[in-house]
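Scroll down for the structure; my scribbles are underneath it.
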Amino acid sequence: MKKITDLDITNKKVLIRCDFNVPLKDGQILDDNRIKEALKTINYCLEKNAKVILFSHLGRVKEESDLAKNNLEVVAKRLSELLNRKVTFVNETRGAKLENAIETMNPGDIVLVQNTRYEDLDGKKESSNDKELGQYWASLGDVFINDAFGTIHRAHASNVGIASNMEGKSAIGFLIEKELNALSALNEPEHPFIVILGGAKVSDKIGIIENLVTKADKILIGGGMAFTFLKAEGLEVGSSLIDEENIAFCKRILADYKDKIVLPVDAAVTTTFSNDEDYREKAISELASNEMGLDIGKKTLSLFEDALKDAKTVIWNGPLGVYEFDKYKENTNNLLKYLVDNNIKVILGGGDIVAAATNANLKDKVYHASTGGGATLEFLEGKKLPGIEAIK
Ligand code: AMP
């Protein structure tokens, strides 16, 4: 597979698919990490005197009212600040205005095209990888760089569509290269290899469990999903989150891999799903019918730390508690800190655990925090990623 450094981009019109899908509130960017992660590829192209034409999606566009909410112009402003140079924003995804803006570019100029998902308003052209749209966008440049790791698991016109119309002239950018290098460490991990899983539902994690349970030395399970495993073991778990449909799956995994699975022995429990009430720490076996576990307890934290003591590789997906509530983020943060303090090679995969690490100021201290939630999950499930296949 070609990398950006394998292509001759000097003085060329370089189309770059970035992932500028940043969280917004009231029109303001809450976290510009994804824009910062794109800078290395953009700067490299600028150093080569390329004309840089940027594409990205932002949010979802289903109806007319989604357009204003997901206008990419706010990203152009931030990008311009970060690069300290002009970024020309074109409020169109096709047509004369866009073509003229590109035609009149000088080497070192930057154009950002409006949100690629504006094309979804008329028949989901971007998200269904409309053939004509991919051809059209490809016709605007000389080479194509895909650097949007967050959408690598999707076949959209702005990634797969462009790449398949630029055979031999497409490559991955530095961010995708970094993400793939980090995740590839999991194909042949240094052992002990420990998987930490949390989050809400078992159903979202079945693929990962199936794919990693044979490779991992241990799987530590916390978060809401742990209660379905505990119930499968025959415990009463009060009013904790339960994924009834997957109890049978949990039973099978526990029966086949009993020695590998580590489940919570205690939890921080309360009676309402909120941050308002005080919580108690209780053994799982002592939960009353109206009590729910919203974080793992201290004994479980010790159990998990013990299991991680000699770990050489760790992949972590999903928080161990309801980290959005201050009271229940504690042990996710404690375990993150344990890994960082002990220099354990940990890869955080998935939006929520990366957000938890960011909030705890630990994101920059871990070995790798992936920018792609769904993309990382599909990689971990062992699936082929269409964005990568198209470049290959
Ligand atoms: P996921 O997207 O599956 O990784 O799930 C992340 C979500 O799981 C977060 O919004 C957490 O609030 C939620 N979560 C974590 N632990 C629990 C728990 N014990 N009960 C309910 N939800 C939880």
Side-chain angles (χ1 to χ4, degrees), residues 23 30 150 153 195-212 219-232 235-246 249-250 262-277 279-284 287-301 304 314-336 346-360 363 369-381:
L30 291 180
H153 59 311
V195 178
I196 307 174
L197 292 179
K201 291 197 246 137
V202 177
S203 55
D204 295 339
K205 317 281 155 123
I206 289 179
I208 303 190
I209 296 172
E210 299 269 27
N211 189 40
L212 293 183
I219 301 190
L220 318 181
I221 300 181
M225 63 181 285
F227 293 99
T228 307
F229 277 90
L230 291 162
K231 187 151 187 182
L235 284 158
E236 289 306 325
V237 294
S239 55
S240 304
L241 196 68
I242 288 293
D243 195 350
E244 290 287 347
E245 281 174 20
N246 288 303
F249 167 79
C250 295
V262 182
L263 294 176
V265 290
D266 63 348
V269 309
T270 178
T271 52
T272 55
F273 188 81
S274 80
N275 196 38
D276 305 334
E277 253 183 71
Y279 68 82
R280 306 160 281 289
E281 288 215 354
K282 276 194 162 183
I284 301 291
L287 256 68
S289 61
N290 66 341
E291 286 176 327
M292 65 184 86
L294 296 187
D295 193 5
I296 57 166
K298 287 282 175 300
K299 291 202 175 93
T300 307
L301 179 68
F304 284 6
V314 175
I315 170 80
W316 185 345
N317 173 267
L320 303 180
V322 183
Y323 77 101
E324 298 92 333
F325 297 155
D326 275 347
K327 288 191 174 110
Y328 305 108
K329 66 182 183 190
E330 199 183 334
N331 289 322
T332 297
N333 289 355
N334 284 335
L335 199 64
L336 277 166
V346 57
I347 294 162
L348 305 180
D352 284 292
I353 189 61
V354 174
T358 306
N359 295 340
K363 194 198 77 153
S370 177
T371 55
T376 312
L377 285 189
E378 296 208 9
F379 182 94
L380 296 178
E381 287 172 16

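Read the numbers this way: they start at 1 and go in the same order the structure lists the ligands and their atoms.
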Short N or O separations between ligand 1 and the protein, below 3.5 Å:
from, atom 1, to, atom 2, distance (Å)
ligand 1, 2 (O), Asp352, OD2, 3.2
ligand 1, 3 (O), Ala200, N, 3.3
ligand 1, 3 (O), Lys205, NZ, 3.3
ligand 1, 4 (O), Lys205, NZ, 3.1
ligand 1, 5 (O), Ala200, N, 3.1
ligand 1, 8 (O), Ala200, N, 3.1
ligand 1, 10 (O), Glu324, OE2, 2.5
ligand 1, 12 (O), Glu324, OE1, 2.6
ligand 1, 12 (O), Glu324, OE2, 3.4
ligand 1, 16 (N), Gly224, N, 3.2
ligand 1, 19 (N), Gly224, N, 3.4
ligand 1, 19 (N), Gly293, O, 3.0

With sequence neighbours left out, what residues match Glu277 under side-chain hydrogen bond (donor to acceptor under 3.5 Å, both in side chains)?
Thr270, Thr271, Thr272

Side-chain donor-acceptor contact under 3.5 Å, Asn317 with Lys205:
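Indeed, the side chains of Asn317 and Lys205 share at least one donor-acceptor pair under 3.5 Å.
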
Less than 3.5 Å apart, any donor N or O on the side chain of Asn290 or Ser239 sitting next to an acceptor on the other?
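No - no donor-acceptor pair under 3.5 Å links their side chains.
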
Exactly one candidate in Phe273, Tyr323, Tyr279 meets ring pair (Phe, Tyr, Trp, His ring centres under 6.0 Å) with Tyr328; the answer is Tyr279

Checking Leu301, Asp295, Asn331, Thr300 against Pro264 for side-chain contact (heavy atoms from CB on, under 4.5 Å), the one that qualifies is Thr300

Does a side-chain heavy-atom distance below 4.5 Å link Leu380 with Val195?
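Of all side-chain heavy-atom pairs linking Val195 with Leu380, none is under 4.5 Å.
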
